[in-house]
Amino acid sequence: MLERTFCMIKPDGVARGLVDGIKQRIEKSGLKIVKSRDLTVSEEQARKLYAVHKEKPFYSGLVKLITSGPSHAIEIEGENAVSRLRKLMGATDPRQADPGTIRGDYKEDNIYTADGTMKNVIHGSDCTENAKHEAAIFF
Ligand code: UDP
Ligand code: MG
């Protein structure tokens, strides 16, 4: 299925200069970048992006992290783009992400922010419906 998905290089990834390297990995995997832009995520955008997590203990720290500095939003197209991007990203916890994945290869020594939020460089949509919803927040 030809799909679109959405991802965002989070402030920790942008601050570490990983934007170009990550975009190259995405394109090298055969996925096409159809839109991309630099932005700093607002509180309102963060609350929309992470609405599914609003009851979770890590929610406020997550909103704080994603709004903490410049991010880079990307819309991607390709066959089975959602699952291919998730595979390329690797597991949520970078310590469990396989070598060769973005989160695995760019893992920091200390993966936590001061308030216990996990830094893992990149966000990626988990289904086409959410991809559409998330892309509309930022493009
Ligand atoms: N997160 C966290 N602690 C947790 C789980 C998640 O700080 O125990 C953060 C992490 O930055 C993650 C984001 O919340 O990327 C969204 O969590 P989700 O379960 O949706 O993981 P993802 O889809 O990003 O792999
Ligand atoms: Mg998620």
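Numbering starts at 1 and runs along the sequence shown.
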Tell me whether the count of non-hydrogen atoms from other residues, nucleotides or ligands lying under 6.0 Å of CG in N110 goes above 12.
yes
For A15, all residues meeting side-chain contact (heavy atoms from CB on, under 4.5 Å), sequence neighbours excluded
none
Salt bridge (Lys or Arg N to Asp or Glu O under 4.0 Å): pairs with one or both residues in residues 18-31, sequence neighbours excluded:
R25-D105
Partners meeting salt bridge (charged side-chain N to carboxylate O under 4.0 Å, His left out) with K107 (sequence neighbours left out):
none
If you group Ile, Leu, Val, Met, Phe, Trp and Tyr whenever their side-chain heavy atoms sit less than 4.5 Å apart, what else falls in with V52?
none
To check you understand the geometry: which heavy-atom pair defines the closest contact between S36 and H72, and what is its length?
CB-NE2, 3.5 Å
I'd like to check the side chain to side chain donor-acceptor pair (under 3.5 Å) partners of D93; sequence neighbours left out, ordered by chain and number.
R95
Around atom NZ of K54, are there more than 12 heavy atoms of other residues, nucleotides or ligands at under 6.0 Å?
no
For residues 128-139, the salt bridge (Lys or Arg N to Asp or Glu O under 4.0 Å) pairs (sequence neighbours left out) are none
For R86, the salt bridge (charged side-chain N to carboxylate O under 4.0 Å, His left out) test, sequence neighbours excluded, returns none
Restricting to pairs with a member in residues 57-76, which pass salt bridge (Lys or Arg N to Asp or Glu O under 4.0 Å), not counting sequence neighbours?
R4-E75, K35-E75, K64-D115
Between atom OG of S71 and atom NE2 of H123, what is the distance when rounded to the nearest 0.5 Å?
11.0 Å
With rounding to the nearest 0.5 angstrom, report the NZ to CG distance, K32 to L2.
9.0 Å
What's in the same ILVMFWY side-chain cluster as I111, cut-off under 4.5 Å, chained through other members?
Y112, M118
Linked hydrophobic residues, V63 as query - side chain contacts closer than 4.5 Å
F6, M8, L39, V41, L49, Y50, F58, Y59, L62, I66, I137, F138, F139
May I ask you to list the residues sharing a hydrophobic cluster with V19, side-chain cutoff 4.5 Å, ordered by chain and number?
I9, V14, L18, I22, I26, L31, I33, I74, I76, L85, L88, M89, I102, Y106, V121, I122
Nearest atoms (heavy-atom pairs only) where A91 meets A97
N-CB, 3.6 Å
What's the separation between atom CD in Q24 and atom OG in S29, rounded to the nearest 0.5 Å?
12.5 Å
If every non-hydrogen atom of C7 is compared with every non-hydrogen atom of G124, which pair is closest and at what distance?
CB-CA, 4.1 Å
Hey, could you give me each pair passing side chain to side chain donor-acceptor pair (under 3.5 Å) that has a residue in residues 5-19? Not counting sequence neighbours.
K10-N120
Counting only N and O atoms by type, is there a donor-acceptor contact under 3.5 Å from the side chain of E3 to the main-chain atoms of V82?
yes
Here the gap from K119 atom NZ to S68 atom OG, rounded to the nearest 0.5 Å, amounts to 9.5 Å
Do E108 and P94 come close enough that some side-chain heavy atom pair is under 4.5 Å?
no
